[in-house]
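Predicted model, so just to flag it, every value in this text is computed and none were measured.
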Amino acid sequence: MIFCEGFCGYYRRLAEQKQFRAFKLLIELEKLSESSDELYPYFDEFIKLTKSGNSFVRIRGFRLACAMARWDFENRLERDIDILLDMLKK
């Protein structure tokens, strides 16, 4: 659970304006999500990113929230589907 201990730093990087650094981290986290539910406890944090004033940050949150679908046994995606669908309208 090394990742979980450092999530605050990763979250700040996802929310920052430095696009290259944040995008590189997004790709790494999406790959991790393909084989592990390690990020699922942070689903609500990804939803928070979708509410950012920065469109790049919103997209990162959207992609990571969607990547959690395979691990979503608590129906969080269904709970927040309106937030995600609203993003598609913007």
Check S33 against L39 and note the closest heavy-atom contact, atom names and distance. OG-CD1, 3.2 Å

Calculate, to the nearest 0.5 Å, the distance between atoms CZ and CE belonging to F62 and M87 respectively. 6.0 Å

Euclidean distance, M68 CE relative to D44 CG, rounded to 0.5 Å: 12.0 Å

Shortest non-hydrogen contact between F23 and R60, atoms and distance: N-NE, 4.4 Å

What I'd like to find out is whether the side chain of E34 reaches to under 4.5 Å of the side chain of R70, using heavy atoms alone. yes

With a 3.5 Å cut-off and sequence neighbours excluded, list the donor-acceptor pairs that the side chains of residues 24-31 form with protein atoms.
residue : atom : partner : partner atom : Å
E30     : OE1  : R63     : NH2          : 2.7
E30     : OE2  : R63     : NE           : 2.8
E30     : OE2  : R63     : NH2          : 3.2

Within the supplied structure, the quantity of interest is the number of heavy atoms (other residues, nucleotides, ligands) at a distance under 6.0 Å from F56 CZ; does it exceed 12? no

Please examine the side chains of I59 and T50, heavy atoms only from C-beta on, and report whether any two atoms are closer than 4.5 Å. no

Short side-chain to backbone donor-acceptor contact, R58 and S52, under 3.5 Å: yes

Spell out, yes or no, whether L77 and L88 are grouped together once hydrophobic residues are joined by side-chain heavy atoms under 4.5 Å, including indirect joins. yes

Backbone of N75 reached by a side-chain donor or acceptor of D72 within 3.5 Å: yes

What distance do E45 atom CD and I47 atom CD1 have between them, rounded to the nearest 0.5 Å? 10.5 Å

Any donor-acceptor pair under 3.5 Å linking the side chain of D80 with the backbone of I83? no

Y40, F73: one ILVMFWY side-chain cluster at the under-4.5 Å cut-off? no

So do L49 and Y11 actually touch side chain to side chain, heavy atoms under 4.5 Å? yes

